[in-house]
Amino acid sequence: MSQLETTPARAGVDTPVVIVGPTASGKSEVAMSVAIGSGNTHIVACDAMQVYRRMDIGTAKPTMEERARVVHHGLDLVDPSEVFTVSDYQANARQAVSEIRAGGARALVVGGTGLYLTALIDDLQFPGQWPDVRAELMREPQVDVLYRRLQVLDPIAASKIEPSNRRRIERALEVCIGSGQPFSATGPGTGAYPDNGVVQIGILWDRQKLAERIEQRIHRMMDEGLLAEARELRASGSLSTTARQALGYRELFEHLDGDCSLGDAVGDMITHTRQFAVRQERWFRRDPRIRWIHVEQDPVSEIGPILAEYLR
RNA sequence: GGUCGGGUAGCUCAGUAGGCAGAGCAUGCGCCUGAAAAGCGCAGGGUCACCGGAUCGACGCCGGUCCCGACCA
């Protein structure tokens, strides 16, 4: 706790309300029912993959019928071939929230992508991009060379990054070299959890039950035509790095390339999705501001009323 | 029935002139500032099929039993 004055926690009409949870936890379902009940609530999707058009079944995107009943933001923002980053999401989602507010409605954020949510509700500032610098860094074959360089340019950042994590080392170096400022000077990072007045409700399932829901959902997606959707996507041209690695699609691409059987691809989808769900839980459970609700059976009836309270 | 392989971590498999049993995947936990459905780290986990023998000492060598696979009849 800081000794400085802090904004008291409040669920004011001008702040969004957030529902978070792992994939297949029932977030969207709960949000839909609460938004309908409120009559004056827009949904803001916080999902790194639902921003891509034509990736509908595999990202469990709300249907057109649902979108006709409740206004949704954050969906179908770009083509799967386009590069889209956290920073783009931040700008887009903040714009959406302020427009919702200006129109006198409430914003209900459905959060599945932790970093994107942090970018939306906690003033994360992104220092910029230097593609030339990055390209040059990527040419260096040895990670430890890069790491040693970071230790010199920004010892603080280096101390927080594992020497083998090439992705993060490259980005930190890109910023140091490109901006002339240490990367670590950018801000407190993702673990600050300031009191921002945003109400966050988390859906908590028993692991085993969530695993069953994931498996059922994947089979449902396959029944709904995920394979055909993946095939069309694959035929439509090049995909951005992000879109290409979307769960469900990436395993089916492997099968379509002839690298594995359909059964194996579906099995991998289930395992990978389960692992992703656990990673989401691990990200969210660090945030002490989230109020977790343990769900046993039906998320809509078990969490809906609690969430609705905050949107009155 | 016979011959030859094989039985080692939850799974797929390494391994040792006899000297404290390994990897990948899975699982658990942690990290995370412009790819985040990404990326990275740490950890737990074994009657080495079973029974007997020789040996200071056996997962390994010898004898037998049981299972799996291939081939031969």
Side-chain angles (χ1 to χ4, degrees), chain A residues 22-25 45-52 55 58-61 78 80-92 111-131 133-134 138 143 146-147 154 156-176 178-179 181-193 207-208 211 214 217-218 221 230 239-253 264 267-287:
Chain A
T23 186
S25 59
C46 181
D47 186 301
M49 295 300 165
Q50 290 184 347
V51 302
Y52 291 107
M55 294 173 65
T59 63
K61 203 180 282 173
V78 291
S81 64
E82 291 177 69
V83 171
F84 187 90
T85 72
V86 212
S87 178
D88 299 317
Y89 177 79
Q90 184 182 54
N92 187 285
T113 302
L115 180 62
Y116 282 21
L117 184 62
T118 309
L120 170 58
I121 67 175
D122 289 324
D123 296 317
L124 271 197
Q125 290 169 39
F126 299 98
Q129 282 186 114
W130 292 269
V133 175
R134 175 59 80 92
M138 290 205 280
V143 208
L146 295 176
Y147 189 70
D154 189 349
I156 298 173
S159 73
K160 292 180 183 167
I161 300 176
E162 273 138 352
S164 51
N165 196 336
R166 175 153 196 147
R167 181 87 52 103
R168 294 186 58 212
I169 295 168
E170 273 178 6
R171 165 95 264 246
L173 275 175
E174 174 191 347
V175 173
C176 292
S179 70
Q181 301 290 319
F183 181 57
S184 58
T186 309
T190 54
Y193 311 118
R207 274 280 163 86
Q208 184 57 39
I214 286 170
R217 181 153 89 163
I218 285 172
M221 285 174 173
L239 299 175
S240 71
T241 330
T242 313
R244 197 192 344 230
Q245 54 204 185
L247 283 169
Y249 300 92
R250 94 176 174 230
E251 293 84 2
L252 290 176
F253 292 155
D264 286 351
D268 285 350
M269 280 167 64
I270 293 168
T271 303
H272 294 160
T273 305
R274 221 172 32 214
Q275 292 172 332
F276 169 54
V278 170
R279 232 178 307 132
Q280 285 174 301
E281 280 182 357
R282 294 207 261 258
W283 175 284
F284 289 126
R285 73 187 173 202
R286 296 195 308 160
D287 189 339

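Below, read A as the first sequence line, B as the second, and so on, with proteins coming before strands; counting in each chain starts at 1.
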Gap separating the [atom1] atom of [X] from the [atom2] atom of [Y], nearest 0.5 angstrom:
X	Y	atom1	atom2	value
D122(A)	L117(A)	CG	CG	7.5 Å
F183(A)	R168(A)	CZ	CZ	7.5 Å
L115(A)	Y89(A)	CG	OH	11.0 Å
D154(A)	K160(A)	CG	NZ	8.5 Å
H272(A)	I218(A)	NE2	CD1	10.5 Å
D268(A)	R250(A)	CG	CZ	9.0 Å

Using a cut-off of 4.0 Å on non-hydrogen atoms, how would the nucleic acid contact of [X] be classed: base, sugar-phosphate, or nothing?
X	answer
Y89(A)	nothing
Y249(A)	nothing
T186(A)	base
T241(A)	base
R244(A)	nothing
T273(A)	nothing
G187(A)	base

Separation of [X] atom [atom1] from [N] atom [atom2], in whole Å?
X	N	atom1	atom2	result
L239(A)	A38(B)	CG	P	16 Å
M55(A)	A35(B)	CE	C1'	13 Å
L117(A)	A37(B)	CG	P	11 Å
N165(A)	G30(B)	CG	P	18 Å
D264(A)	U12(B)	CG	C1'	13 Å
L247(A)	A35(B)	CG	C1'	14 Å
E170(A)	A35(B)	CD	C1'	11 Å
M49(A)	A35(B)	CE	C1'	8 Å

Partner of Y116(A) by side-chain contact (heavy atoms from CB on, under 4.5 Å), out of V86(A), T85(A), I121(A), D47(A): V86(A)
For [N], which nucleotide is its Watson-Crick or G-U wobble mate, given both distances must be under 3.5 Å?
N	answer
G39(B)	C31(B)
U55(B)	none
G1(B)	C72(B)
G24(B)	C11(B)
U65(B)	A49(B)

Given the [atom1] atoms of [N] and [M], what is the spacing between them in whole Å?
N	M	atom1	value
C72(B)	A14(B)	P	25 Å
G39(B)	A58(B)	C1'	45 Å
G34(B)	C42(B)	P	23 Å
C56(B)	G28(B)	C1'	41 Å
C48(B)	C20(B)	P	14 Å
C59(B)	G22(B)	P	15 Å
A23(B)	G41(B)	P	15 Å
C13(B)	G52(B)	P	30 Å

Atom pairs under 3.5 Å, N or O on each side, protein against nucleotides 26-28 of chain B: can you list them with distances?
from	atom 1	to	atom 2	distance (Å)
A26(B)	OP1	Q275(A)	NE2	2.9
U27(B)	OP1	R274(A)	NH2	3.4
U27(B)	OP2	Q275(A)	NE2	2.5
G28(B)	OP1	R207(A)	NH1	2.9

Looking only at side-chain N and O atoms, does T273(A) offer a donor or acceptor that is under 3.5 Å from a partner on R217(A)? no
Is any side-chain heavy atom of P127(A) less than 4.5 Å from a side-chain heavy atom of R171(A)? yes
Ignoring backbone atoms, establish whether [X] has a side-chain N or O less than 4.0 Å from OP1 or OP2 of [N].
X	N	result
R171(A)	G34(B)	yes
R250(A)	A38(B)	yes
T85(A)	A35(B)	no
T23(A)	A37(B)	no

If you find the nucleotide of RNA chain B closest to G128(A) and the one closest to E162(A), which residue's nucleotide is nearer the 5' end? G128(A)
When you match A243(A) and S164(A) each to their closest nucleotide on RNA chain B, which lands nearer the 5' end? A243(A)
So does S164(A) get a backbone contact from the side chain of Y147(A), meaning a donor-acceptor N/O pair under 3.5 Å? no
